[in-house]
Amino acid sequence: MAVDVLLGLQWGDEGKGKIIDNLCKDYQIVCRFQGGPNAGHTLYIGDQKIVLHTIPSAILHPGIINLIGNGVVIDPVIFKKEIEKLRALGYDILHQLLLARKAHLILPTHQLLDIASEQSKGLNKIGSTLKGIGPTYMDKTGRNGLRVGDLELKGFDKKYQALKEKHLTLAKLYPEVSFNLEDAEEKWFNSLDILKATRKVDSEYFIDQALNSGKKVLAEGAQGSMLDVDFGTYPYVTSSNTISAGVCTGIGVAPNRIGKIIGITKAYCTRVGSGPFPSELFDATGELLRSAGKEFGATTGRPRRCGWIDLVQLQYSIMINGVDELIMTKIDVLNDFETLQACVEYRDESESLLSGMPFDLENSGIHPVYKNFAGWQCSLQEFTHYENLPLAARNYVEFIENRLGKKFVMISQGPGRDEVIRVTI
Ligand code: GDP
Ligand code: IMO
Ligand code: MG
């Protein structure tokens, strides 16, 4: 048995949560392997909207174990809120939730540092979700972090205080920010009870045993490939490896046990936060995508920047992840458009064709070249089989497939958990 992977190929919010909730029935274990509560994965169960930040998106399926891997960073306050919200909706989930001992904890002062760092950057800010993600990963790689497993050991409070003091010293490097540390700390310590009550595992052993006993495991990406700390649009990225390679270090599984890699793209493209986005639209069409797609951040509520699908960028993501299969989401958002566009090339100021993503996308002076497509201008709601879709929709999908050299196995045409077309031809 191997670990299959499902991850976002753009700048996040590709609909990973919805697709995991749909696909997870084929698996016994679903795990998050990186990121933290900067993620917002939305599930619609009928009219009920559930946004998950730390907990994997298979949690509403009673028989499936949901593992939060060692590569994830956890804010106890957000974690507790998530569990309480689910409980209020009738989902009692602790028995199917596992937490890796080696996952790192986000302290209140990590959030303080995140806010201070962003504020000091002014116009150059990353556009962080301000959840303390960057500073927590800095402490992880800097070998100063506190881990979930430390909660079970003596001396936790002492370690906490030492790290907090260090953070307060660091915070003096920045102009003062308004942050009620006392209040945040009180909430933080009051939230540790649920973290303590959650079953802990050494995820590397847990996954090894699960695979050896024939269990099917699915890893759920957070953020998107273009937010990867190594291969994304640095420095406008998050602080973890969001790509498939991150699964190995994020749950503790060897590369030769990675199975199928499924990449998700929206039928267009969005980005939230700062940084380059070549196919971004600044006009009424961009506005239309935002309103039709309800493109507002699931974690921060910020309006998402919108643009056409970018096949140069997707080709890069497919390469870096080793994608085997594609899934397209939000095709329904394009229903009313008379004409669609897809970015098919990047060209520089002298109109020379670029061979791939440039090192410095922000200052590269490239411009996207688009191909036009006729829209289908009807609802796709009643379609359940790919071959019955309007010709214009199939032309759009198949052009993308041919250009990317990978097939779409599923097309999502609505936010509901079952609003998908499985492509079987
Ligand atoms: P994630 O972070 O990748 O899980 O994605 P988000 O949940 O942040 O954002 C995706 C948004 O699109 C959510 O509001 C989903 O409910 C919604 N969504 C997912 N798939 C579809 C789809 O096929 N059509 C439409 N209209 N909405 C979708
Ligand atoms: P999901 O899993 C979209 C963006 C932020 C910011 C940058 C760094 O829902 O797809 P961070 O808080 O990590 O320091 O922010 O990354 N970002 C996301 N954008 N979807 C996400 O997650 C994101 N998580 C972080 O907006 O630009
Ligand atoms: Mg999201």
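In listed order, ligands and their atoms are each counted from 1.
- Counting heavy atoms of neighbouring residues, nucleotides and ligands inside a 6.0 Å radius, atom CD of Glu182 does not exceed 12 of them.
- Ligand 1 is never approached by Gly8 to a heavy-atom distance shorter than 4.0 Å.
- Residue Glu14 places every heavy atom at 4.0 Å or more from ligand 2.
- Heavy-atom separations between Arg304 and ligand 1 include at least one value shorter than 4.0 Å.
- Environment of NZ in Lys166: crowded, with over 12 heavy atoms of neighbouring residues, nucleotides or ligands closer than 6.0 Å.
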Intermediate values then yes/no, side-chain contact (heavy atoms from CB on, under 4.5 Å), Tyr386 and Arg394: CA-CA 8 Å; Tyr386 176 75; Arg394 281 185 286 135; 3.5 Å; yes

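- Shown in contact with Ala39 at under 4.0 Å from a heavy atom are these atoms of ligand 2, numbered in order with element: 1 (P), 2 (O), 9 (O), 22 (O).
- Among the backbone and side-chain atoms of Gly40, an N, O or S atom lies under 2.8 Å from the Mg ion (ligand 3).
- Put simply, part of Gln223 is less than 4.0 Å from ligand 2, judged by heavy atoms.
- In this structure, Gly12 has no heavy atom closer than 4.0 Å to ligand 1.
- The shortest N or O to N or O distance between Tyr44 and ligand 1 is not below 3.5 Å.
- Nearest to the Mg ion (ligand 3), among the N, O or S atoms that Asp13 has, is OD1.
- Checking only distances, Gly17 does come within under 3.5 Å of ligand 1, N or O to N or O.
- When each atom of ligand 2 is checked for a heavy atom of Leu227 under 4.0 Å away, the hits are 4 (C), 16 (O), 17 (N), 18 (C), 19 (N).
- For Gln413, every heavy-atom contact with ligand 1 shorter than 4.0 Å involves the backbone, none the side chain.
- Ring centers of Trp188 and Tyr160: under 6.0 Å apart, within the cut-off.
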From CA spacing to verdict: side-chain contact (heavy atoms from CB on, under 4.5 Å), Arg305, Val272: CA-CA 6 Å; Arg305 300 157 62 192; Val272 59; over 6 Å; no

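- When non-hydrogen atoms are compared, ligand 1 lies under 4.0 Å from the backbone of Thr42 as well as from its side chain.
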